[in-house]
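Side chains included, hydrogens not; waters and symmetry mates left out as well; all remaining heavy atoms used.
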Amino acid sequence: HVQLVESGGGSAQAGGSLTLSCSFSGSYPYHTYSGRCIAWFRQRPEKEREGLAGISAGNGPTFYADSVKGRFTISEDNAKTTVYLHLNNLKPEDTAMYYCAAADRSRCTLFDTYNYWGQGTQVTVS
């Protein structure tokens, strides 16, 4: 059983920063996300869900949507249990519910199928 839990959302001023966390848990031997991709998505009010950034398994490459490249950064902890999304220079249009997701594959893009999803964390920028 795999579970993803997002945290770190909240309110921020335009130009400010937030760091979102995605904690991965599962039953041994799937207690880390090793061998899987992890990605962040968001859904803005009345907009379709959009992919933002992801990281491939095994210290693989990171990938970003053009819309957030240079402002958002994805990182991970060495234990392969937590992935972070650092949001910088926030804009009001970044207001959205942010989700992390995991895919049962080692190499991904933001357009692949993701098998596991968290419940989301709200970010509001004013």
Side-chain angles (χ1 to χ4, degrees):
H1 175 68
V2 169
Q3 187 175 22
L4 299 168
V5 178
E6 303 94 337
S7 61
S11 298
Q13 297 288 323
S17 299
L18 284 172
T19 294
L20 308 182
S21 299
C22 173
S23 296
F24 180 98
S25 63
S27 302
Y28 185 85
Y30 306 109
H31 56 291
T32 73
Y33 60 80
S34 294
R36 294 189 173 96
C37 300
I38 302 287
W40 283 94
F41 297 80
R42 71 181 177 190
Q43 187 150 21
R44 293 182 281 184
E46 300 181 359
K47 300 281 189 182
E48 291 189 358
R49 186 175 64 202
E50 61 178 314
L52 302 174
I55 190 163
S56 296
N59 297 315
T62 56
F63 43 95
Y64 294 90
D66 289 342
S67 59
V68 301
K69 200 174 292 184
R71 289 198 305 126
F72 293 1
T73 304
I74 193 168
S75 65
E76 61 181 343
D77 71 344
N78 290 333
K80 306 297 185 189
T81 60
T82 305
V83 173
Y84 305 96
L85 187 66
H86 308 276
L87 316 179
N88 298 309
N89 191 20
L90 284 163
K91 304 176 181 180
E93 51 265 40
D94 293 321
T95 294
M97 185 70 80
Y98 285 71
Y99 300 90
C100 66
D104 283 332
R105 51 193 297 165
S106 60
R107 290 292 182 267
C108 300
T109 71
L110 294 172
F111 304 99
D112 289 320
T113 297
Y114 285 77
N115 307 95
Y116 312 98
W117 291 82
Q119 294 299 306
T121 186
Q122 177 70 37
V123 171
T124 302
V125 183
S126 59

Give the minimum heavy-atom separation between F41 and A101, together with the two atoms involved. CE1-CB, 4.0 Å

Indicate yes or no: at least one non-hydrogen side-chain atom of S67 is less than 4.5 angstrom from one of E50. yes

Is it true that a side-chain atom of T121 and a backbone atom of G9 form a donor plus acceptor pair closer than 3.5 Å? yes

Evaluate the criterion side-chain hydrogen bond (donor to acceptor under 3.5 Å, both in side chains) for residue pair Y116 and D104; output intermediate values, then yes/no. CA-CA 9 Å; Y116 312 98; D104 283 332; 3.0 Å; yes

Single-linkage hydrophobic cluster, 4.5 Å side-chain cutoff, I38 and V68 together: yes

Would you say the side-chain atoms of Q43 pair up with the backbone N or O of M97, donor to acceptor, closer than 3.5 Å? no

d(C100 SG, Q119 CD) to nearest 0.5 Å is 10.5 Å

Which atom pair, heavy atoms only, marks the closest approach of S56 to C108? OG-N, 3.8 Å

Is there any salt bridge (Lys or Arg N to Asp or Glu O under 4.0 Å) pair reaching into residues 54-64, and which pairs are they, with sequence neighbours excluded? none

Should V2 and R36 count as side-chain neighbours, where that means a heavy-atom distance under 4.5 Å? yes

Can you tell me if R105 uses its side chain to pair, donor with acceptor, with the backbone of G35 under 3.5 Å? no

OG1 on T124 to CG on L18, rounded to 0.5 Å: 9.5 Å

Quick one: pull up OG in S126 and CD in Q13 and give me the separation to the nearest 0.5 Å. 4.5 Å

Would you name the heavy atoms of L4 and C22 that are closest together and state the gap between them? CD2-SG, 3.9 Å

Which value, rounded to the nearest 0.5 Å, describes the distance between L20 atom CG and F72 atom CZ? 8.5 Å

Per-pair distances, 0.1 Å, donor-acceptor, side chain in residues 86-96, under 3.5 Å, sequence neighbours excluded:
unit_1: H86; atom_1: ND1; unit_2: T19; atom_2: OG1; d: 3.2
unit_1: H86; atom_1: NE2; unit_2: S75; atom_2: OG; d: 2.9
unit_1: N88; atom_1: OD1; unit_2: S17; atom_2: OG; d: 3.1
unit_1: N88; atom_1: ND2; unit_2: R71; atom_2: O; d: 3.4
unit_1: D94; atom_1: OD1; unit_2: R42; atom_2: NH1; d: 2.9
unit_1: D94; atom_1: OD1; unit_2: R71; atom_2: NH2; d: 2.9
unit_1: D94; atom_1: OD2; unit_2: R71; atom_2: NH1; d: 2.7
unit_1: D94; atom_1: OD2; unit_2: R71; atom_2: NH2; d: 3.4
unit_1: D94; atom_1: OD2; unit_2: K91; atom_2: N; d: 2.8
unit_1: T95; atom_1: OG1; unit_2: P92; atom_2: O; d: 2.9
unit_1: T95; atom_1: OG1; unit_2: V125; atom_2: N; d: 2.9
unit_1: T95; atom_1: OG1; unit_2: V125; atom_2: O; d: 3.4

Using a 4.5 Å cut-off on heavy atoms from C-beta on, say whether the side chain of F24 contacts that of T82. no

How close do A103 and T113 get, counting heavy atoms only, and between which atoms? CB-O, 3.6 Å

Against the six-membered ring of W117, is R49 placed for a cation-pi contact (under 6.0 Å from the centre, within 45° of the normal)? yes

With Y99 via ring pair (Phe, Tyr, Trp, His ring centres under 6.0 Å) - residues at least two apart: none

Partner of Y64 under side chain to side chain contact (heavy atoms under 4.5 Å, CB included), chosen from L110, I74, L52: I74

What's the shortest heavy-atom distance between R107 and A57, and which atoms? NH1-O, 2.9 Å

